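Scroll down for the structure; my scribbles are underneath it.
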Amino acid sequence: MTSPLPAAALWDMDGTLVDTEPYWMAAEVELFASFGLTWTHEDGLQVIGLGLWESAELFRRHGVDLEPDAIVNRLTDRVRELVAERGVPWRPGARELLNALREASVPSALVTMSVRRMAEDIVAAIPFDAFDLIVPGDEVTEPKPHPEPYLRAAELLGVDIADCVAFEDSRAGVTSAAASGAVTIGLPNLQDLSGTAADLLWDGLEGRTAGDVADAVAQVRRGAGRNLGRATDVPAGAMTDASKETS
């Protein structure tokens with residue numbers, strides 16, 4: 001590894017580290033059904049990455065007759081149940097890269113729009129000391145796509161956000177991370193990230209190393225990075241198989 005490591009790695013959770021988005025979408029379908037309403041897979045794709053309270057207001061406009069706090073708590077509790085029943089569905093290579101960066105002494109923060117108790121469930125399932133801190137959705141004033149969550153993480157870690165790398169799978173998350181000034185690596189999962197502000201689009205984390213992250217940050221800093229990457233990365237304008245199937 002010849003490139004310097006980032007000052008910190010900032011990680012989204014749902015859809016990036018863990019493939020829990022299907023759990024959230026199932027919980028949303030159940031919520032709507034309890035009011036005799038329909039919520040489709042395509043509907044669910046539109047709220048991926050958004051703040052839970054913003055999503056709750058959208059659900060209310062679609063007929064869910066509950067207060068926002070009640071919606072957030074009901075969805076969160078159901079997803080926690082699904083995680084407990086089915087296990088933590090890790091994204092391929094996520095734990096390995098997270099651990100590699102930790103072993104390289106790179107500070108890390110979990111920056112998620114899930115509430116703290118949900119995030120702590122996931123962190124507790126990681127068999128090593130993965131994060132220096134958590135910035136959850138119930139502890140920020142402005143959720144993603146606003147940059148506040150990432151700026152807050154850098155502030156708490158005591159590092160310059162411009163020296164950080166952020167990993168995101170959603171359009172809202174990419175917007176948040178990029179607007180904060182972090183080098184932003186997009187990991188398309190259920191949403192197509194082409195045309196977003198991601199500096200790089202990677203096709204996944206499996207096989208990635210701390211050296212790959214360092215080289216990616218260096219590439220972006222050289223001005224070569226906007227939606228470009230090595231040959232195995234997703235090129236600008238392309239869609240992953242998952243996004244083709246679900247969009």
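These figures come from a predicted structure and were not determined experimentally.
- At least one side-chain heavy atom of L190 sits under 4.5 Å from a side-chain heavy atom of L45.
- If you take CD on E21 and OG1 on T16, they are separated by 8.0 Å, rounding to the nearest 0.5 Å.
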Problem set entry | Check against side-chain contact (heavy atoms from CB on, under 4.5 Å), C164 and V159 | CA-CA 8 Å; C164 298; V159 296; 3.5 Å; yes

For this session: Might you work through the salt bridge (charged side-chain N to carboxylate O under 4.0 Å, His left out) test for E168 and K144, ending with a clear yes or no?
Result: CA-CA 11 Å; E168 273 285 357; K144 300 173 187 178; 2.6 Å; yes

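- Annotation: cation-pi geometry satisfied between R86 and Y23 (NZ/CZ under 6.0 angstrom from ring centroid, within 45° of ring axis).
- Remark: the backbone N or O of P107 is not paired with any side-chain donor or acceptor of D132 at under 3.5 angstrom.
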For this session: Run the numbers on N99 and E96 for side-chain contact (heavy atoms from CB on, under 4.5 Å), then give the verdict.
Result: CA-CA 5 Å; N99 191 39; E96 291 79 4; 5.9 Å; no

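- For the side chain to side chain contact (heavy atoms under 4.5 Å, CB included) test with V213, the passing option among L97, V106, L205, V183 is L97; the others fail.
- Within the 4.5 Å cutoff, side-chain heavy atoms of P143 are placed close to those of E54.
- Residues V220 and Y150 are members of separate hydrophobic clusters, defined by side-chain heavy-atom contacts under 4.5 angstrom among Ile, Leu, Val, Met, Phe, Trp and Tyr.
- W202 approaches P188 most closely through the heavy-atom pair O-CD, 3.2 Å.
- Taking CZ of R74 as the reference point, atom CD of E28 lies at 12.5 Å (rounded to 0.5 Å).
- Under a 4.0 Å N-O distance rule, the pair D77/R117 qualifies as a salt bridge.
- Under the 4.5 Å side-chain contact rule for hydrophobic residues, M13 and W24 share a cluster.
- None of L37, L31, V72 except one satisfies the side chain to side chain contact (heavy atoms under 4.5 Å, CB included) rule with F59; the exception is L31.
- Panel note: side chain S180, backbone A178; no donor-acceptor pair is recorded below 3.5 Å.
- To the nearest 0.5 Å, atoms CG (D169) and CD1 (I48) are separated by 7.0 Å.
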Exercise. Step by step, would you call R116 with D138 a salt bridge (charged side-chain N to carboxylate O under 4.0 Å, His left out)?
Worked result: CA-CA 7 Å; R116 178 170 286 278; D138 53 338; 5.8 Å; no

Exercise. Under the side-chain contact (heavy atoms from CB on, under 4.5 Å) criterion, do D163 and R221 qualify, and how do the steps go?
Worked result: CA-CA 10 Å; D163 295 328; R221 287 174 177 160; 3.5 Å; yes

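- Connection of V123 to V83 is established within a shared hydrophobic cluster, with ILVMFWY side chains joined at heavy-atom distances below 4.5 Å, either directly or through further cluster members.
- In this structure, W11 and F167 have parallel ring planes: the angle between them is below the 30° cut-off, well short of the 60° mark.
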For this session: Report the C-alpha separation of R60 and E57 in whole Å, then their side-chain angles, then the decisive distance to 0.1 Å, and conclude whether the salt bridge (charged side-chain N to carboxylate O under 4.0 Å, His left out) test is met.
Result: CA-CA 5 Å; R60 282 165 52 83; E57 290 292 356; 3.5 Å; yes

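- The structure places CG of L75 at 11.5 Å from CE of M118, a figure rounded to the nearest 0.5 Å.
- The main-chain N or O of R171 is found under 3.5 Å from a side-chain atom of Q191 such that the two form a donor-acceptor pair.
- Taking CD of E30 as the start and CZ of F35 as the end, the distance is 13.0 Å to the nearest 0.5 Å.
- Looking at every heavy atom in both residues, W53 comes nearest to G137 through CZ3-O, 4.2 Å.
- A 6.0 Å sphere centred on CG of D65 holds no more than 12 heavy atoms belonging to other residues, nucleotides or ligands.
- Across V140 and M113, no two heavy atoms sit closer than the pair CG2-CE, 4.4 Å.
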Problem set entry | Chi angles and distances behind the side chain to side chain donor-acceptor pair (under 3.5 Å) call for T20, R91 | CA-CA 9 Å; T20 44; R91 294 294 308 278; over 6 Å; no

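- Between the side chain of R102 and the main chain of A130, a donor-acceptor pair closer than 3.5 Å is present.
- Put simply, the side chain of L101 does not reach to within 4.5 Å of the side chain of S108, judged on heavy atoms.
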Problem set entry | Intermediate values then yes/no, salt bridge (charged side-chain N to carboxylate O under 4.0 Å, His left out), R208 and D203 | CA-CA 10 Å; R208 303 285 182 173; D203 57 0; 3.3 Å; yes

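- Nearest heavy atoms, A8 versus L157: CB-CD1, 3.7 Å.
- When all heavy atoms of P149 and V135 are compared, the pair lying nearest together is O-CG1, 3.8 Å.
- Between the side chain of D43 and the backbone N or O of W39 there is no donor-acceptor pair closer than 3.5 Å.
- V217 and L10 are members of different hydrophobic clusters when ILVMFWY side chains are connected at heavy-atom separations under 4.5 Å.
- In this structure a side-chain-to-backbone donor-acceptor pair under 3.5 Å is missing from T196 to V174.
- One N or O on the side chain of E148 and one on the backbone of E142 form a donor-acceptor pair closer than 3.5 Å.
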Exercise. For T112 and D12, what are the C-alpha separation, side-chain angles and deciding distance, and is it a side chain to side chain donor-acceptor pair (under 3.5 Å)?
Worked result: CA-CA 5 Å; T112 176; D12 173 56; 4.9 Å; no

Exercise. Between W90 and D19, does a side chain to side chain donor-acceptor pair (under 3.5 Å) hold up when you go through it step by step?
Worked result: CA-CA 6 Å; W90 297 101; D19 202 12; over 6 Å; no

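- Within the 4.5 Å cutoff, the side chain of P22 has no heavy atoms near those of the M25 side chain.
- Taking hydrophobic clusters as Ile, Leu, Val, Met, Phe, Trp and Tyr residues chained together by side-chain heavy-atom distances below 4.5 Å, V165 shares a cluster with L187.
- Here the closest non-hydrogen pair linking I134 and A119 is CG2-CB, 3.9 Å.
- With rounding to the nearest 0.5 Å, the separation of CG in L110 from CZ in F131 is 4.5 Å.
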Problem set entry | Verdict with supporting geometry, L17 and I122, side-chain contact (heavy atoms from CB on, under 4.5 Å) | CA-CA 9 Å; L17 277 175; I122 301 299; 5.9 Å; no

